[in-house]
Amino acid sequence: MKMHRLIGAAAIVAASISLTLVANAGTVSYQIVDDGIPKSLTGTAGNAQAGRKVAYNRKTGNCLACHKAPIPEQQFHGEIGPDLKGVASRYSEAELRLRIVDSKKTNSDTIMPAFYRDTGFTRLQKKWVGKSILKAQEVEDLLAYLMTLK
Amino acid sequence: MKMRQLLLALTFATTGTLAVTGLGLGLVIGQTTAAKAEGIRSGYSYATKETQGLQDDDMSNPGYLWVDTGEDLWSKAEGDAGKSCNDCHGDAAESMKKAGVSYPKYKDDIGKLQNIEQRINQCRTDNMKAKAWKWESSQLLGMTTYVRNQSRGLPVSVAVDGPAAPFFAKGEAFFNQRRGLLDMACKHCHEDNAGNKIRANVLSEGQINGFPVYRLKWGKVGSTHRRFRGCNKQVRAKPFKNGSDEYVNLELYVAWRGRGLGVETPAVRN
């Protein structure tokens with residue numbers, strides 16, 4: 001059975017129990033359960049220190065473009081999204097994982113990019129074809145950092 | 001207050017375009033060059049005081065170098081017809097006044113929209129028998145800036161009905177279409193988040209009433225389409241070509257979003 005048919009079948013079964021299986025060409029597949037992705041994308045625990053860097057590095061997460069966060073040594077925090085301070089008290093790890101992986105799954109009109117999606121784009125620049133903004137382990141590192149923001 | 005700005009202030013006061021609120025001289029000067037239409041704000045109103053100051057004073061506004069270039073070219077005969085712009089159009093202050101507020105426009109002979117750069121180049125190839133100027137060349141930027149400068153302070157007013165309607169609709173669809181790896185549409189930044197900071201930059205409404213603008217980051221004047229390309233690239237989308245139908249349609253929609261704003265060319269932006 002071809003992969004996409006397997007996914008299709010899984011999605012039909014899944015729909016009834018509020019679970020969707022998503023698979024992208026260059027990214028690992030994951031399951032959405034209710035409002036989150038409960039399982040780690042990599043199985044390797046995230047590193048909060050590395051994740052903090054992903055949050056401010058303009059070439060990777062650049063979350064500070066839109067969010068304030070307790071990263072005082074970095075100048076210029078954006079004011080487009082909510083402050084990330086205290087975000088771990090508002091959301092579970094699974095919910096945060098979904099919001100980083102593909103925030104459009106929770107709000108189809110959001111400006112926030114899907115950080116772990118590699119298909120479905122319009123006029124993508126060649127060098128990004130088949131790529132997601134973040135790699136799976138970067139997502140897990142970022143999550144480990146967000147979970148420290150109680 | 002400079003003579004030109006004083007005149008503009010008087011014009012607005014008498015036509016009622018500018019509600020005089022007595023907020024002090026500094027602001028009044030600003031609003032003369034950035035006339036505020038109902039609920040619509042020019043990029044000027046989001047700029048820093050320093051940047052606004054550069055724009056307000058014609059002597060320190062670096063964009064005037066391009067106005068001067070255009071003015072020189074206006075009376076220069078070029079091409080096989082041996083004619084200059086001036087030979088056909090005379091005094092630009094009179095003949096070009098309306099041009100700056102009304103492009104892009106639907107043109108019967110080409111069956112689509114034409115923007116001001118394209119109109120200038122059509123005059124060169126058809127009427128002067130001269131070569132079209134390259135997009136972003138100092139000549140085309142100079143002439144575009146000079147022509148639009150003749151409309152400074154007049155409210156942007158483009159036709160979007162009749163034969164222009166289907167092109168306008170395409171421009172609107174472009175504005176609302178997500179693009180690139182960041183998957184954002186123009187509207188996400190310039191409609192939903194105007195006034196909010198994106199890292200160090202304050203997002204404006206993405207209006208084009210000041211174009212061609214002198215951008216400090218570019219260190220020169222640049223066209224509307226250069227700006228569109230930049231905004232497309234920053235969301236990691238493949239930009240369209242300068243002068244492409246897609247951008248001319250988009251330009252009409254964006255001009256319409258800023259209807260009523262005073263032309264500021266050459267505006268100064270970060």
Side-chain angles (χ1 to χ4, degrees), chain A residues 24-27 55-69 71 73-84 99-135 138, chain B residues 46-48 51 170-206 216-217 225-242 244-250 253 270:
Chain A
N24 299 326
T27 50
Y56 67 72
N57 187 335
R58 289 166 199 267
K59 295 241 164 76
T60 56
N62 198 17
C63 313
L64 295 188
C66 298
H67 294 277
K68 286 197 183 61
I71 306 183
E73 77 278 14
Q74 285 286 318
Q75 264 190 303
F76 307 126
H77 297 203
E79 46 192 39
I80 288 175
D83 195 331
L84 293 179
R99 276 155 185 78
I100 297 169
V101 165
D102 193 349
S103 52
K104 269 136 213 145
K105 294 259 161 45
T106 60
N107 172 9
S108 63
D109 197 36
T110 188
I111 186 175
M112 182 163 149
F115 285 91
Y116 194 67
R117 176 151 69 78
D118 64 1
T119 52
F121 300 108
T122 301
R123 275 188 83 81
L124 191 59
Q125 276 174 10
K126 251 213 183 95
K127 63 179 168 190
W128 301 110
V129 171
K131 299 203 172 114
S132 52
I133 302 173
L134 295 180
K135 299 188 182 79
E138 288 174 325
Chain B
Y46 297 92
T48 61
T51 310
K170 283 185 192 165
E172 179 174 23
F174 193 113
F175 193 84
N176 295 314
Q177 167 75 54
R178 291 182 184 275
R179 279 162 214 282
L181 188 62
L182 301 195
D183 213 20
M184 293 178 198
C186 315
K187 72 140 192 157
H188 287 113
C189 288
H190 296 300
E191 224 164 73
D192 299 351
N193 282 293
N196 289 333
K197 270 197 187 144
I198 188 159
R199 203 107 197 207
N201 295 307
V202 180
L203 287 167
S204 73
E205 294 175 5
L216 299 163
K217 184 181 159 191
H225 291 198
R226 180 174 183 190
R227 180 78 241 194
F228 290 169
R229 286 173 61 83
C231 280
N232 274 173
K233 283 191 262 187
Q234 73 182 346
V235 297
R236 303 184 188 174
K238 209 166 114 195
F240 288 88
K241 289 209 170 75
N242 287 327
S244 60
D245 293 346
E246 287 82 0
Y247 280 171
V248 177
N249 296 339
L250 176 64
Y253 178 71
N270 291 335

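Quick note on labels: first sequence line is chain A, next is B, and so on, each numbered from 1.
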**OP:** Pick out which of A/Ile133, A/Ile100, A/Val101 makes a side chain to side chain contact (heavy atoms under 4.5 Å, CB included) with A/Tyr116.
**Re:** A/Val101
Subject >> Validation row, ring centre B/Phe240 to ring centre B/Phe174 under 6.0 Å >> reply: yes
Looking at [options], which makes the most heavy-atom pairs under 4.5 Å with chain B?
{"options": "A/Gln125, A/Arg123, A/Glu79", "answer": "A/Arg123"}
{"options": "A/Lys104, A/Met112, A/Gln74", "answer": "A/Lys104"}
{"options": "A/Arg58, A/His77, A/Lys127", "answer": "A/Arg58"}

Subject >> Heavy atoms of other groups near B/Lys170 NZ, more than 12 under 6.0 Å >> reply: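 No - once you tally the heavy atoms of other residues, nucleotides and ligands closer than 6.0 Å, there are 12 at most.
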Original post:
Does some side-chain heavy atom of A/Ile80 sit less than 4.5 Å from a side-chain heavy atom of A/Ile111?
Top reply: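 A/Ile111 reaches A/Ile80 side chain to side chain.
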**OP:** Determine whether B/Pro239 and B/Tyr247 make a side-chain contact, defined as any pair of heavy atoms from C-beta on separated by less than 4.5 Å.
**Re:** yes
Original post:
By a 4.5 Å heavy-atom criterion (distance strictly below it), what part of A/Gln75 contacts chain B: side chain, backbone, both, or neither?
Top reply: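 Only the backbone of A/Gln75 comes within 4.5 Å of chain B.
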Original post:
What part of A/Lys131 gets closer than 4.5 Å to chain B, counting heavy atoms only: side chain, backbone, both or neither?
Top reply: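 A/Lys131 touches chain B through backbone heavy atoms alone.
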Original post:
Which one of B/Lys187, B/Arg199, B/Gln177, B/Lys238 has the most heavy-atom pairs closer than 4.5 Å to chain A?
Top reply: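 Among the listed options, the one with the most contacts to chain A is B/Arg199.
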Original post:
In terms of heavy-atom pairs under 4.5 Å, which option from B/Arg236, B/Arg178, B/Met184 contacts chain A the most?
Top reply: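 If we count pairs closer than 4.5 Å to chain A, B/Arg236 comes out on top.
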Subject >> Basic-acidic side-chain contact under 4.0 Å: B/Asp183, A/Arg117 >> reply: yes
